[in-house]
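We're numbering straight along the sequence, starting at 1.
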Amino acid sequence: MKIICVGLNYQEHNREMGRADSATSDNPVIFIKPDSALLKDNKPFFIPDFSNDIHYELEIVVRINRLGKNIAERFAHRYYDELTVGIDFTARDLQSELKSKGLPWELSKGFDYSAAIGEFIPKEEFSGSMDNLNFELHKNGNQVQIGNSSDMIHSVDKIIDYVSRFFTLKIGDIIFTGTPAGVGRVDIDDHLEGFLENKKLFDFYVR
């Protein structure tokens with residue numbers, strides 16, 4: 001399975017990262033994590049020894065349920081039937097170092113267990129539109145990120161349209177759809193809880 005990720009998909013997050021001009025991009029910013037990045041079943045996240053600055057980035061995640069290539073945006077909703085929330089863990093210090101050298105920064109995003117996901121829920125259980133879903137992250141009992149899918153620069157269906165031009169989407173592939181503002185650091189013993197429309201879908205600790 002593939003873990004496809006979208007970067008810079010919320011304008012407020014782009015501002016906090018100093019990338020406000022990214023909203024003018026016609027197409028989503030895409031990167032890939034290997035399947036070894038997956039972390040599920042509320043298992044703890046262990047801070048890797050190569051970074052001193054790991055950040056959380058909460059995102060809505062969809063799972064592909066049909067084989068597809070060159071999927072038109074108007075048909076994209078047929079290609080996923082479950083969603084959850086997840087964390088795109090980022091080694092921010094390593095990312096900054098790689099970017100400063102003009103190098104690819106996959107190492108800072110795709111390391112083992114850097115893609116934490118919660119319990120998948122059938123999308124029919126959410127009465128609202130995919131374009132109006134609330135989600136939030138709590139750290140140690142405090143809300144640290146909150147977002148709504150209506151603020152995405154590129155919608156879920158537009159993302160599927162775009163990425164399927166380049167990659168054949170297969171059953172079980174998952175797509176991280178971008179993070180809102182409020183990203184921040186995690187430390188040992190932090191407690192992370194992720195919610196989608198008030199449903200708690202993950203609950204784990206940092207070790």
Side-chain angles (χ1 to χ4, degrees), residues 1-40 43-62 85-117 135 137 139 144-145 147 151-154 156 158-160 162-169 173-190 192 194 202 204-207:
M1 51 86 70
K2 298 185 289 297
I3 304 172
I4 299 167
C5 303
V6 181
L8 304 173
N9 201 27
Y10 287 80
Q11 179 66 340
E12 288 302 317
H13 172 61
N14 296 347
R15 290 192 181 100
E16 75 177 349
M17 300 301 291
R19 295 287 300 275
D21 60 331
S22 298
T24 62
S25 174
D26 291 335
N27 296 311
V29 175
I30 303 297
F31 61 96
I32 300 289
K33 291 179 183 252
D35 58 3
S36 56
L38 198 64
L39 179 67
K40 57 184 181 178
K43 293 179 179 177
F45 171 76
F46 289 88
I47 293 178
D49 60 6
F50 54 76
S51 175
N52 294 311
D53 194 20
I54 297 292
H55 281 207
Y56 57 78
E57 298 186 11
L58 182 71
E59 313 197 8
I60 293 175
V61 180
V62 300
V85 284
I87 295 182
D88 165 20
F89 283 111
T90 304
R92 194 70 73 199
D93 47 358
L94 179 57
Q95 184 185 46
S96 296
E97 177 186 348
L98 293 168
K99 282 184 175 180
S100 71
K101 297 177 180 178
L103 298 174
W105 38 263
E106 279 81 0
L107 291 178
S108 69
K109 287 281 195 177
F111 57 90
D112 287 350
Y113 309 118
S114 61
I117 59 170
F135 60 110
L137 176 68
K139 184 176 80 167
V144 291
Q145 265 192 294
D151 294 323
M152 288 182 182
I153 297 169
H154 304 289
V156 172
K158 170 64 183 298
I159 293 165
I160 289 174
Y162 182 69
V163 300
S164 68
R165 300 181 207 171
F166 303 93
F167 312 120
T168 297
L169 296 180
D173 287 351
I174 62 175
I175 302 176
F176 280 67
T177 59
T179 193
V183 303
R185 177 187 172 101
V186 294
D187 294 291
I188 292 173
D189 293 331
D190 279 346
L192 301 176
F202 68 70
F204 65 90
Y205 285 84
V206 177
R207 300 301 190 198

Using only atom types and a distance under 3.5 Å, with no angle test, would you say the side chain of Glu59 pairs donor to acceptor with the backbone of Gly86?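 Absent.
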
Determine whether a donor-acceptor pair (N or O, by modelled atom type, separation under 3.5 Å) exists between the side chain of Asp35 and the backbone of Met1.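 Absent.
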
Side-chain contact, heavy-atom cut-off 4.5 Å: [X] with [Y]?
X      : Y      : result
Ile32  : Ile4   : yes
Lys33  : Ser114 : yes
Pro180 : Gln145 : yes
Ser164 : Leu169 : yes

Around atom [atom1] of [X], are there more than 12 heavy atoms from other residues, nucleotides or ligands closer than 6.0 Å?
X      : atom1 : value
Ile188 : CD1   : no
Lys40  : NZ    : no
Asn52  : CG    : no

Does the plane of the ring in Phe166 sit parallel, tilted or perpendicular to the ring in Tyr162? Use 30° and 60° as the thresholds.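 The rings of Phe166 and Tyr162 stand perpendicular, inter-plane angle above 60°.
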
Anything under 30° is parallel, anything over 60° is perpendicular, the rest tilted; go ahead and classify Phe111 against Phe45.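 Ring orientation, 0 to 90° scale: tilted.
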
Roughly how far apart are [X] [atom1] and [Y] [atom2], rounded to 0.5 Å?
X      : Y      : atom1 : atom2 : result
Asp189 : Ile47  : CG    : CD1   : 9.0 Å
His154 : Ile30  : NE2   : CD1   : 8.5 Å
Ile153 : Leu8   : CD1   : CG    : 7.5 Å
Leu38  : Asp112 : CG    : CG    : 11.0 Å
Asp190 : Ile54  : CG    : CD1   : 12.0 Å
Ile87  : Ile117 : CD1   : CD1   : 12.0 Å

Nearest heavy-atom pair of [X] and [Y]: which atoms, and what distance?
X      : Y      : answer
Glu106 : Pro104 : OE1-CB, 3.1 Å
Ala37  : Gly110 : CB-O, 4.0 Å
Ile3   : Ala115 : CD1-CB, 4.1 Å
Phe204 : Lys43  : CB-O, 3.6 Å
Tyr10  : Thr177 : CE1-O, 4.3 Å

Check against side chain to side chain contact (heavy atoms under 4.5 Å, CB included), Ile174 and Lys2: CA-CA 6 Å; Ile174 62 175; Lys2 298 185 289 297; over 6 Å; no

Applying ring-ring contact (aromatic ring centres under 6.0 Å, His included), can you list everything that pairs with Tyr56, at least two apart in sequence or on another chain?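 Partners of Tyr56 under the ring-ring contact (aromatic ring centres under 6.0 Å, His included) test: none.
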
List for me each residue that meets side chain to side chain contact (heavy atoms under 4.5 Å, CB included) alongside Asp53, sequence neighbours excluded, and say none if there are none.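 Result, side chain to side chain contact (heavy atoms under 4.5 Å, CB included) vs Asp53: His55, Arg92, Asp93, Arg185.
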
Begin from the C-alpha positions of Phe176 and Ile159 and carry the test side chain to side chain contact (heavy atoms under 4.5 Å, CB included) through to its verdict. CA-CA 10 Å; Phe176 280 67; Ile159 293 165; over 6 Å; no

Only one of Ile160, Val61, Val156 passes side-chain contact (heavy atoms from CB on, under 4.5 Å) with Ile175; say which it is.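 Output: one option passes, namely Ile160.
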
Assess whether side chain to side chain contact (heavy atoms under 4.5 Å, CB included) is satisfied between Asp88 and Phe31, documenting all intermediate values. CA-CA 11 Å; Asp88 165 20; Phe31 61 96; 3.7 Å; yes

Which is it for Glu12 and Asp151 under the side chain to side chain contact (heavy atoms under 4.5 Å, CB included) test, yes or no, and what are the steps along the way? CA-CA 9 Å; Glu12 288 302 317; Asp151 294 323; over 6 Å; no

